[in-house]
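The chain is numbered in sequence order, starting from 1. Read the numbers this way: they start at 1 and go in the same order the structure lists the ligands and their atoms. What you see is a predicted model, and the numbers here were worked out from it, not measured in a lab.
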Amino acid sequence: MQGLLGEKAFSLEFDLKSGLCGQRSSSKRMLSDIAGIFRNPQAAVERAEKDNPLVYEFYELPLPNHPGDLCFGTSMVYPGQVDGEYFMTKGHFHSILDTGEVYHCLSGQGMMIMENGAGDWNCLEFKPGTAVYVPKGYAHRSINIGEKPLVTFFCFRADAGHDYQSITQKGFRNLVVKGPNGPEIIANPHWS
Ligand SMILES: [Fe+2]
C-alpha cells in the first residue's frame with residue numbers, strides 16, 4: 001500500500017505538538033549514530049554509552065521521486081546538549097543542488113543554520129509559526145535551542161535526494177552553543 005503513496009490524493013495527520021504521525025513509522029537518529037557531528041565527539045560517545053538518547057527523528061514518506069512530485073514530512077529534534085552544543089540534525093545538501101526547501105515550525109524553539117559552497121551562510125530562528133526558506137545550493141541543519149521538541153514540517157522536490165557526505169566531511173562553518181546569556185553562534189574549530 002505504501003508504494004502507491006503519492007499516485008492518488010491522500011492525507012496524513014501530524015500532531016502539532018509532537019510532530020508524530022501515527023500512520024507511518026519514522027527514521028530515528030540516536031546519539032551513538034551521530035556522535036561524530038559534535039565538536040566534542042568524545043563527550044558524545046561517553047553520553048551515548050550512558051543512556052544513548054534519541055536526538056532526532058523524521059518521516060521519509062515513500063513518495064514518487066519524479067520531477068514535479070513533492071516530498072514532505074515532519075522532523076523532530078529533541079532538547080539536549082553535548083558539552084554545551086545543542087542537539088541538532090546531521091544536516092545535508094540535496095543531491096540536486098538546485099533545490100530549495102521550506103520548513104515550517106509547528107512547535108518548540110530552534111535555529112536553522114545554512115551555508116553554501118561559495119562561503120555564504122545564515123542562521124534563522126524557529127518559533128511556532130515561523131516558516132524558513134532554505135534557498136537552493138545551501139546545506140541546512142536544524143538545531144533545538146529550547147527545552148521542548150523542535151517540530152518542523154518540511155517540503156521539497158521529491159527527486160532532489162540527500163547528500164549527507166559533503167557536509168559531514170567538512171562540517172558547518174558555524175556552530176550553535178549554549179552561552180551564559182543563551183545561544184551563541186561560534187566558528188567551528190574543526191571546519192575545513
Ligand atoms: Fe533538505
**Prompt:** If you draw a 6.0 Å radius around NZ in Lys148, do more than 12 non-hydrogen atoms from other residues or ligands fall strictly inside?
**Reply:** no
Only distances under 3.5 Å count here; give the side-chain donor-acceptor pairs of residues 178-185 to other protein atoms, sequence neighbours excluded, each with its distance to 0.1 Å.
none

**Message:** Can you pull out every ring pair (Phe, Tyr, Trp, His ring centres under 6.0 Å) where at least one residue sits in residues 165-192? Sequence neighbours excluded, please.
**Reply:** none
**Request:** Anything protein N/O/S under 2.8 Å from the Fe ion (ligand 1)? Just list residue and atom, please.
**Result:** His92 NE2, His94 NE2, Glu101 OE1, His140 NE2
**Message:** Going by side-chain contact (heavy atoms from CB on, under 4.5 Å), name the residues that satisfy it together with Val82, two or more places apart in sequence or in a different chain.
**Reply:** Leu31, Phe38, Ala43, Ala44, Phe87
**Prompt:** Taking it one step at a time, do Asn188 and Arg173 satisfy side-chain contact (heavy atoms from CB on, under 4.5 Å)?
**Reply:** CA-CA 5 Å; Asn188 179 359; Arg173 285 178 175 77; 5.8 Å; no
**Asked** Given the side-chain rings of Phe72 and Phe153, with only the six-membered ring counted for Trp, is the space between their centroids under 6.0 Å?
**Response** yes
